[in-house]
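For the single chain, residues carry numbers from 1 onward in sequence order.
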Amino acid sequence: MAERAIDTVTDVSRTIGEVTGALRAAIDRLSEAIDDARRPGQPLSTIAAITREAPLTSLLVAFMFGIAVARRR
């Protein structure tokens with residue numbers, strides 16, 4: 001009985017390690033994509049500049065977009 005419990009714990013530990021590794025790889029890829037999109041002339045750079053210039057307008061646009069998406073569902 002104890003051997004089965006130890007095997008189960010070992011399997012769970014190995015699975016958690018694999019999931020953690022996959023999650024780290026996914027986070028690294030996402031961070032890279034975000035960094036690329038923040039370069040000058042890229043979409044996130046443009047959105048950030050617009051938001052800095054007109055924060056209330058940007059908030060209104062985001063709110064309206066949220067309403068439009070929520071109503072579709």
Side-chain angles (χ1 to χ4, degrees):
M1 183 83 149
E3 286 181 23
R4 280 181 56 192
I6 291 172
D7 288 343
T8 302
V9 169
T10 303
D11 289 343
V12 169
S13 176
R14 187 176 307 128
T15 303
I16 290 173
E18 291 172 359
V19 169
T20 302
L23 186 59
R24 282 186 185 154
I27 290 171
D28 289 342
R29 285 193 306 264
L30 183 60
S31 296
E32 243 178 69
I34 290 172
D35 288 342
D36 288 342
R38 284 187 176 168
R39 291 188 182 147
Q42 296 298 320
L44 286 181
S45 174
T46 304
I47 291 170
I50 291 169
T51 303
R52 270 187 243 111
E53 290 177 16
L56 290 178
T57 305
S58 299
L59 181 62
L60 176 65
V61 169
F63 180 73
M64 297 301 284
F65 181 74
I67 289 174
V69 169
R71 287 189 178 210
R72 285 188 170 187
R73 294 183 180 189

Exercise for review: Keeping to residues at least two apart or across chains, list the side-chain hydrogen bond (donor to acceptor under 3.5 Å, both in side chains) pairs with something in residues 9-18.
Suggested key: Asp11-Arg14
Review point. What pairs meet the side-chain hydrogen bond (donor to acceptor under 3.5 Å, both in side chains) rule with one or both residues in residues 20-39, with sequence neighbours excluded?
Key: Asp36-Arg39
Point to revise | Co-members of the apolar cluster containing Met64 [side chain, <4.5 Å] | key: Leu60, Phe63, Ile67
**Study point:** Connected hydrophobic set around Leu23, excluding itself, where side chains approach under 4.5 Å
**Key:** Ile27
Do any side-chain atoms of residues 46-58 form donor-acceptor pairs under 3.5 angstrom with protein atoms, and if so which ones, sequence neighbours left out?
from  : atom 1 : to    : atom 2 : distance (Å)
Thr46 : OG1    : Gln42 : O      : 3.1
Thr51 : OG1    : Ile47 : O      : 2.8
Ser58 : OG     : Ala54 : O      : 2.9

Check your understanding: Taking all non-hydrogen atoms of both residues, which atom of Pro40 and which atom of Ser45 are closest, and how far apart?
Key -> CA-OG, 3.7 Å
